[in-house]
Number of protein chains: 2
Amino acid sequence: MNLRHLTFRLLEVYVTVVRTGSVTAAAQQLHLTQPTVSQQLKRLAEAVAEPLFVSRGGRLELTDSGRELYRTALDVTGRFEDFQDYLAELKGGQKGRFSIALVNTAQYVLPKLLGPYSQAFPEVEMTVEIGNRQQLLERFERQLDDIYVFSHPPSLEQAHVARFLRNPLVVIAPEQHPLAHKQEVELDDILQERLLLREPGSATRMLFESWLQGQGAQWFNGMQMASNGAIRVGVAAGMGLAVVSRHVLPEVHPGIVILPVKGFPIESHWHFIVRRDRRLPYAARSFLEYAAGELDQCLPAEYLCNEVSTLLNQTTEAMA
Amino acid sequence: MNLRHLTFRLLEVYVTVVRTGSVTAAAQQLHLTQPTVSQQLKRLAEAVAEPLFVSRGGRLELTDSGRELYRTALDVTGRFEDFQDYLAELKGGQKGRFSIALVNTAQYVLPKLLGPYSQAFPEVEMTVEIGNRQQLLERFERQLDDIYVFSHPPSLEQAHVARFLRNPLVVIAPEQHPLAHKQEVELDDILQERLLLREPGSATRMLFESWLQGQGAQWFNGMQMASNGAIRVGVAAGMGLAVVSRHVLPEVHPGIVILPVKGFPIESHWHFIVRRDRRLPYAARSFLEYAAGELDQCLPAEYLCNEVSTLLNQTTEAMA
DNA sequence: CTCAAACATAGATAATTATCTATACGCAAG
DNA sequence: CTTGCGTATAGATAATTATCTATGTTTGAG
C-alpha cells in the first residue's frame with residue numbers, strides 16, 4: 001500500500017490503538033473486530049514501510065517511527081477537526097456571508113430587520129444591494145444575489161417567494177395643501193394636481209400606473225424625481241402631491257399629511273425571493289430563519305404579513 | 001462519501017487544482033485525465049457536503065469552504081511531508097539508534113571504530129553493552145541487541161556473521177622475567193609458570209584451553225582475574241604470565257613483553273554478528289556500512305580482515 | 001507445563017476507489 | 001451562430017478497502 005491511500009480513518013484507528021495500548025481494546029472502542037484492527041495496522045505499517053510496534057513482553061511498544069507517526073496523526077487529525085468545526089459553524093449559519101438586493105423603497109424598512117440580525121450573528125458578512133426594480137431584475141437574471149426583495153415578484157417559475165410585509169401606497173400632500181384636511185378625497189381631485197413620481201421602471205410607479213389603468217384613469221401633470229427621499233422633501237416643500245410607499249415616511253412626518261383618497265391605500269406586499277436554481281448559502285438561510293421568527297419584534301405589527309416559514313419549507317425540499 | 005475515507009492523494013489533487021486554477025492543468029501536472037480530476041473534486045465536495053468552487057465567468061473560484069479546505073489541505077500535507085522526511089532520514093541511517101554488544105576483550109578496540117562513526121552520524125544514538133562471552137550469549141538468546149561482537153560466533157543457524165579483525169592471542173610476561181629476552185620459548189616453559197587467567201566462560205580462556213587441549217597439554221598453576229586490565233597490571237607487577245588478546249596491550253607497553261612462544265600467536269578473529277530473525281535497524285546497518293568502508297582508516301593495517309560487506313549482502317537479501 | 005488472553009493470519013465479500021474512454025454541456029470569442 | 005476550450009457526466013473496470021468469521025500462534029501467569 002502507498003502512503004497516498006492513507007485515510008483519516010486509518011489514522012484514527014492508529015491513534016486509538018496507541019492510546020489504549022491494545023489492539024483488542026481499540027477494536028472495542030471503535031466497534032470493530034480485533035482482526036480488522038490488526039489488519040489496518042498491518043496496512044499502515046506497510047504504507048510507512050516501517051514497523052510501528054514491537055511486542056515487548058506482552059505489551060505493544062512503539063518504535064521510533066511509530067511514535068513519530070503518532071505525533072503526526074494527532075496533528076493531522078486535529079487540524080482536520082478544526083476544519084470540521086469550521087464547516088459546522090458555516091452550516092449552522094453562524095458564520096459565512098450572503099447578499100441581499102432591495103428595491104429602493106424597501107431600504108427604509110429592511111434595516112430594522114438587518115440591524116438586529118447582524119447584531120445576533122456578528123460573524124455573518126452581508127452585502128446589501130439597492131436599486132430600482134429594473135436594476136434588481138437584471139441582478140436577479142444574472143444571479144448576483146442570494147435574496148431579493150421585490151414588491152412584485154418576477155416570474156415564479158424560477159423562484160421561491162414569500163410575502164413578509166404589507167406595503168401600502170398612500171397619497172401624500174403638504175400640510176398647507178387645500179386637500180390636506182378633508183375627510184375624504186376623490187381620485188379625480190388628485191389627478192388634477194401635479195404628481196411627483198419616480199422614474200418608469202420603479203415598482204411604486206408601475207404599481208400605481210397599473211392600478212390607475214384598472215380605474216380607467218390617468219394623470220396629467222407629472223414630474224419625475226430620482227429618489228423617494230427627494231419626493232418626500234419635494235412634497236413637504238409644496239412642489240406637488242405624490243404616491244409613495246407608506247414606509248417611505250417616518251413615524252412622525254411633520255409638514256406632510258396622508259390624504260384619505262378613495263381606493264387608497266393601494267395594497268401590495270414586499271416579498272423575499274430566492275432563485276430555485278441557486279444554492280442558498282447557510283448564512284442566507286439563517287437570515288430567513290431569523291426573519292421568520294423575529295419579524296414581529298422588529299417591525300410594526302400593523303404591517304406584518306409573515307409568510308417566510310413557507311419559503312423555508314420550500315427551499316428545504318429543494319435541498320433534500 | 002465520508003470524510004473518513006479522505007486520502008492524502010485526494011488532498012494533493014485538490015491542492016493542485018487550486019494552485020493551477022484549472023482542472024485540466026491540474027490533470028496534466030498529475031498525469032491524470034481531466035475527467036478523473038473532475039470526479040475526484042466531486043467526491044471531495046460530497047465528502048465535505050459543501051460546494052468548493054463556483055464557476056464564475058469561466059474561472060473556477062473558491063467558495064469560503066473551499067478556501068478553508070485549501071488551507072487545511074496545505075497544513076495537513078505539509079505535516080505529513082515532515083513525517084516522510086523523518087522516515088527518509090531514518091531509513092538513510094542518518095538518525096535512529098541501535099545497540100551493539102561487545103565481548104570484554106573487544107572493548108579495547110571497538111571504540112576506534114565507534115568513535116569516528118558517531119562523529120560522522122551524531123544523530124544516531126548507540127548503546128554499547130559489554131560482557132563476557134557467557135553474558136553475551138544470553139543477550140543474544142534474548143535478542144536484546146542489534147549487533148554482537150564475538151570471537152567465536154554462536155550457532156550459525158540463526159545468525160549472519162562476518163569477520164572484521166584479527167585477534168591474535170599472545171603470551172605476555174613482565175620485562176624482568178627470565179623468559180623475557182629469549183629468542184624462542186617452549187610451550188612447556190610457560191605452563192610451569194603461574195598463569196593469570198580470565199574466568200571460565202570468557203572467550204579468551206575458552207580459546208586458549210581448547211587450543212591447549214589440541215596440543216595435549218595443560219597448565220598447573222592458574223590464577224583467576226576478573227578483567228583484562230587487571231591481568232595486564234598483574235603481569236607488569238610480576239604476578240605471573242598471561243595469555244591475552246594482542247589488543248589488550250597498548251601500542252607501547254612498558255614493563256611487559258610478548259614472549260615468542262612456539263605456536264603463538266593463536267589466531268582468532270572478531271566477528272560482527274546479527275540475528276537472522278531480527279530486523280536490523282537502519283542505523284545499525286549504516287554502522288556496518290561505515291565499518292565496511294572505513295575500517296582500514298580506523299584500525300592498524302596488520303589486524304585487518306574486513307569481510308563486513310559480505311554480511312551486508314546477506315542481510316540485504318534477507319530484507320528483500 | 002498448560003491455559004487463556006491477546007495478537008496474527010487466512011479466506012471471503014460487498015463497497016468503494018481510481019482510473020480510463022467517450023460524450024455531452026456551457027460559455028466566451030470570433 | 002458556430003467553434004473551441006474547459007468542465008461535467010456516463011459507463012466500464014481493475015484494484016483496493018473495510019470488514020467479517022474462523023482459525024492459528026505467542027506468551028505470560030498460574
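Hydrogens, waters and symmetry mates are skipped; everything else that's a heavy atom, side chains included, is used.
Listed in residue order, the members of residues 35-42 of chain B having a heavy atom less than 4.0 Å from DNA chain C are B:Pro35, B:Thr36, B:Gln39, B:Gln40. Of the residues in residues 65-79 of chain A, none has a non-hydrogen atom less than 4.0 angstrom from any atom of DNA chain C.
Checked by atom type, the side-chain pair B:Ser38/B:Gln34 shows a donor-acceptor distance below 3.5 Å. Between the side chains of B:Tyr117 and B:Ser286, a donor-acceptor pair is found at a separation under 3.5 Å.
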- Query: Would A:Tyr282 and B:Glu50 satisfy side chain to side chain donor-acceptor pair (under 3.5 Å), going step by step from the backbone distance to the final call?
  - Reply: CA-CA 10 Å; A:Tyr282 295 108; B:Glu50 269 297 294; 3.0 Å; yes

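Axis angle across the helix from C:dC1-D:dG30 to C:dG30-D:dC1, with five pairs used at each end and values rounded to 10°: 30°.
When the ring pair (Phe, Tyr, Trp, His ring centres under 6.0 Å) test is applied to B:Tyr70, no partner is found at least two apart in sequence or on another chain. Listed by chain and residue number, A:Gln158, A:Asp277 satisfy the side chain to side chain donor-acceptor pair (under 3.5 Å) test with A:Arg275 (two or more places apart in sequence, or in another chain).
Relative orientation of the B:Phe8 and A:Phe8 rings is parallel, given thresholds of 30° and 60° on the angle between their planes.
Taking CH2 of B:Trp270 as the reference point, atom OG1 of B:Thr105 lies at 5.5 Å (rounded to 0.5 Å). One finds the OH atom of B:Tyr86 at 12.5 Å from the CG atom of B:Asp82 (value rounded to the nearest 0.5 Å).
Relative to the side chain of B:Thr24, the nucleotides C:dT17, C:dT21, D:dG6 differ in distance, and D:dG6 lies closest. Between D:dT17, C:dA18, D:dT21, one nucleotide has an atom nearer to the side chain of B:Thr7 than all others, and that is C:dA18. With D:dA8, C:dA18, C:dC20 as the candidates, the nucleotide lying closest to the side chain of B:Val23 is D:dA8.
Residue pairs satisfying the salt bridge (charged side-chain N to carboxylate O under 4.0 Å, His left out) criterion with at least one member in residues 62-77 of chain A, sequence neighbours excluded, are listed as follows: A:Asp64-A:Arg67, A:Asp64-B:Arg97, A:Glu68-A:Arg71, A:Asp75-B:Arg79.
Atoms CD (A:Gln28) and C1' (C:dA6) sit 11 Å apart, rounded to a whole Å.
Under 4.0 angstrom from either OP1 or OP2 of D:dA18 there lies no side-chain N or O belonging to A:Arg9.
B:Phe80 and B:Phe83 have their aromatic ring centers within a separation under 6.0 angstrom.
Map A:Leu32 and B:Ser22 each onto its nearest nucleotide of DNA chain D; the residue landing nearer the 5' end is B:Ser22.
A:Val149 places none of its side-chain heavy atoms less than 4.5 Å from the side chain of A:Ile273.
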